[in-house]
2 protein chains.
Amino acid sequence: MADPGPSAPPAPPRAGRATLVDVAAAAGTSASTVSRVLHGGAGVTDELAERVRRAARELGYSVNRQARTLRRGKDTAIGVALEDFTIPFFGRIVAQVEQAAHERGYGVVITCAGSGRSEEEAVEPLLSRSVAGLVVATGTAGAPEGYLAELAAELPVVQVDAPSASSHSDTVGIDNEGAGRLLTEHLLARGHRRVLFVGSGPAATTVQLRRRGYEAAMREAGLEPVSAWLGYLPSETTERAVDLLREHADPAAPGGGITAVLSGVARVTMGLASAMTRLGLRDLAFAAVDDLAGADAFNPPLTVLEQDVEGMGARAAELLFARIDGDRRPPVHEQVPLQLIVRGSGELPPRAPR
Amino acid sequence: MADPGPSAPPAPPRAGRATLVDVAAAAGTSASTVSRVLHGGAGVTDELAERVRRAARELGYSVNRQARTLRRGKDTAIGVALEDFTIPFFGRIVAQVEQAAHERGYGVVITCAGSGRSEEEAVEPLLSRSVAGLVVATGTAGAPEGYLAELAAELPVVQVDAPSASSHSDTVGIDNEGAGRLLTEHLLARGHRRVLFVGSGPAATTVQLRRRGYEAAMREAGLEPVSAWLGYLPSETTERAVDLLREHADPAAPGGGITAVLSGVARVTMGLASAMTRLGLRDLAFAAVDDLAGADAFNPPLTVLEQDVEGMGARAAELLFARIDGDRRPPVHEQVPLQLIVRGSGELPPRAPR
DNA sequence: CTGAAAGCGCTTACAG
DNA sequence: CTGAAAGCGCTTACAG
């Protein structure tokens, strides 16, 4: 590097990111003014403002959020607590939320609330960053009402895929009970009598509601509901599904001779599909709440009750930002529409598949 | 509220989160000491330390990260830039990275780098939060070498699923060219001669490499490689795949009469599967780089070259934290092993499927 | 072993 | 219209 010489400008450019003070120095003004020009808006001479903007551009200045947040009290960031990143449903939610946040200049900090981590442990990292609000999609992770209620008293919280209409925070979800009922009625209308409901586990409240809808529809048709749980671990789902289906496909067994399977949640749909293929149960009708990418390529193909997941994510973000912007109306509870997509369950099955 | 009366303790508890000063007041000591007890470690009397810890517990104190970061210069958070949250591959990466970060007390802030957002626009929100390091998995999103190189000079960056061995940052990925070659050789060994390679688009460098491996294997067998692109939009993939397969399955067409399809990337595998089902192409052999949950339920079933995605994510996090902790070795480039899982491509197809 | 003080980079009343 | 100053909550030399 050449020596700049004795007549070089006073302060050499500092290392690292440029600060407001650097920009002020370069523009020959004060930090206050730079802040006003860059974020505050009006009240500055055009000429000065232009000089500041040029200096900022030349120095590659961008605001230090920590400092801003420390000063303002709230971060321009929202937190997202998800049950599981590997399930596309949740990925589609974050994608929408991230998009909405990005458009508003907000950052997104995430945390995983599944796999035995407590709600509190999951959320603390978000709170200690002073996020401006929270999107919580912990789906089947249990009933965090108590803790969330406390939280919602202090900052905006929107629950996605919520099991129930919370009185503390906005919720966006589907009509779970109606979903279970609708799919069951569809199968019954096609002539099925022995329909097996399969969920992840009894702790998954949304799944319980879907099951309730299934049971109601079965009982109204004078049929005996039969349901089973496959657990929450993808690694075990397929094995368990194989055992389960082998048992219930057997016409001789109690609760056996089923002709249709109703999957209550995306988490187990995959395992059921794999198990059917492995057992060669091509005549079983197969329906599920939640769609699955590629489900039309399954064998047997999958009839689904599709929800507008992107709509849910986008709406959740909208509600959250409205709250952040000061909306103080009582909590709202929205349900996105469901759409039945008939793929495999249309064909009437033989009386007793084997 | 009852008046606390004249002899009440001096300062009423403040609203909002408790600060270090609140804790200090409650414990009858200074902020310095509280900080030392809670984070600094040694150098404080057991008795005082205990008093501080109790006060902190009672006030529900937890550190304000903004303030800490502002002071320290680096946030205890890492950034993750992902191409697409809705593709399970990326979800599995974040899940691992988040887990590793959580274990070390780090937060995770995310940003989406796909869908026309520039690399810079995607990463800026992370930088303005002073993240301590970056995991970049922008996969097919183009060749960000220039920008990333600049970035990597200033903070630790690990690239996941990187197209090439960067000289600026650590990378974790697979042997892309080898993957294309291996799968192609598998198909050729099963007697296939007309194998169609399908990728997302020419800008996806990793896919280009896989294609190169495919082409090399074809040429070495004296065969003419034929490849096609389906684009990056899930919404269009299936439609395009239908057109594509109809064309190439036709024995009369140029480049037609294919007996096997090789999918170069997860993004298009689903669409290909759907198209095959829709066209009833059950005799086509189907193989893909990347596994797909539920692929064993496809019809035809899918032979895959599975990569240890969890391993990739975990390893990327490990490398990143090593760098954050001061590791200054030259960049390392690691490849995770691949595993061929033969499902559908084993059966020899008829000469000319229709 | 403990505390007073400075300072991280910003924003925002408050003067002028 | 513009700037000096205070202060957000922490951490960290520096004294004592």
Side-chain angles (χ1 to χ4, degrees), chain A residues 14-53 55-56 59-77 105 107 127-132, chain B residues 11 13-53 55-56 59-77 105 107 127-132:
Chain A
R14 297 198 20 220
R17 286 171 75 85
T19 73
L20 212 50
V21 171
D22 297 333
V23 176
T29 182
S30 71
S32 324
T33 299
V34 175
S35 180
R36 279 193 209 98
V37 171
L38 264 27
H39 313 292
V44 181
T45 318
D46 282 358
E47 197 262 333
L48 217 200
E50 187 42 51
R51 225 163 65 220
V52 166
R53 269 190 284 269
L59 294 176
Y61 173 80
S62 84
V63 69
N64 177 320
R65 310 263 172 181
Q66 270 77 19
R68 164 183 288 180
T69 301
L70 183 58
R71 183 57 230 250
R72 285 194 176 160
K74 275 301 163 202
D75 198 355
T76 48
L127 299 186
S128 71
R129 322 202 107 70
S130 320
V131 292
Chain B
R14 302 202 10 226
R17 286 171 75 86
T19 73
L20 213 50
V21 171
D22 297 333
V23 177
T29 181
S30 71
S32 324
T33 299
V34 175
S35 181
R36 276 193 210 100
V37 171
L38 262 29
H39 312 293
V44 181
T45 319
D46 281 359
E47 198 263 332
L48 217 200
E50 188 41 52
R51 226 161 66 219
V52 167
R53 270 190 284 269
L59 294 175
Y61 173 79
S62 84
V63 70
N64 176 319
R65 308 265 173 180
Q66 271 76 14
R68 165 182 287 179
T69 301
L70 184 58
R71 181 58 230 245
R72 284 193 176 162
K74 275 301 161 201
D75 197 357
T76 48
L127 299 187
S128 71
R129 321 202 109 69
S130 319
V131 292

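Letters A, B, ... are given to chains in the order of the sequence lines, protein chains preceding strands, and every chain is numbered from 1. Bear in mind that the values here come from a model prediction, so they are computed numbers and not experimental data.
For the pair B/Ala31 and A/Ser62, nearest-nucleotide mapping onto DNA chain C gives the more 5' position to B/Ala31.
Shown here are the side-chain contact (heavy atoms from CB on, under 4.5 Å) partners of B/Ser128, two or more places apart in sequence or in another chain: A/Arg17, A/Ser62, A/Arg65, B/Glu124. Every residue meeting the salt bridge (charged side-chain N to carboxylate O under 4.0 Å, His left out) condition with B/Arg51, not counting sequence neighbours, appears here in chain and number order: B/Glu47. Evaluation of the side-chain contact (heavy atoms from CB on, under 4.5 Å) rule for B/Arg71 yields no partner, not counting sequence neighbours. In this view, A/Ala55 and A/Val23, A/Ala26, A/Ala27 satisfy the side-chain contact (heavy atoms from CB on, under 4.5 Å) rule, not counting sequence neighbours. Scanning for side-chain contact (heavy atoms from CB on, under 4.5 Å) contacts around A/Ala24 gives A/Val34, with sequence neighbours left out. Take B/Arg72 and apply the side chain to side chain donor-acceptor pair (under 3.5 Å) test, not counting sequence neighbours, and it matches no residue. Remark: B/Asp75 engages A/Gln66, A/Arg129, B/Thr69 in a side chain to side chain donor-acceptor pair (under 3.5 Å) (not counting sequence neighbours).
The nearest whole Å value for the distance from the OH atom in B/Tyr61 to the P atom in D/dG9 is 10 Å. Distance CZ (A/Arg17) to C1' (C/dC8): 14 Å, rounded to an integer number of Å. Rounded to an integer number of Å, the gap from CG of B/Leu20 to P of D/dG9 is 11 Å.
Near DNA chain D, meaning a heavy atom under 4.0 Å from it, residues 63-75 of chain A has A/Leu70, A/Arg71 in order of number.
Stem analysis of DNA chain C (Watson-Crick or G-U pairs, both distances under 3.5 Å, runs of at least three) returns C:1-3 with D:14-16, C:5-12 with D:5-12, C:14-16 with D:1-3.
A sub-4.0 Å separation between OP1 or OP2 of D/dT11 and a side-chain N or O of B/Ser35 is present. Side-chain nitrogen and oxygen atoms of A/Thr45 include at least one within less than 4.0 Å of the OP1 or OP2 phosphate oxygen of D/dT2. The shortest distance between the side-chain N/O atoms of A/Thr33 and the OP1/OP2 oxygens of D/dG3 is below 4.0 Å.
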Quick one: which protein N/O atoms are closer than 3.5 Å to N/O atoms of nucleotides 13-16 of chain C? Pair and distance per line, please.
from   : atom 1 : to      : atom 2 : distance (Å)
C/dA13 : N6     : A/Arg36 : NH2    : 3.4

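In this structure, the side chains of B/Val44 and B/Thr33 come closer than 4.5 Å at one or more pairs of heavy atoms.
Looking at every heavy atom in both residues, A/Thr19 comes nearest to A/Asp22 through N-OD2, 2.8 Å. Heavy atoms only, all atoms of each residue included: A/Ser35 and A/Leu20 are closest at CB-CD2, 4.0 Å.
When distances are taken from the side chain of A/Thr19 to each of D/dT2, D/dC10, C/dC10, the shortest belongs to C/dC10.
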Check against side-chain contact (heavy atoms from CB on, under 4.5 Å), A/Leu38 and A/Val63: CA-CA 9 Å; A/Leu38 264 27; A/Val63 69; over 6 Å; no
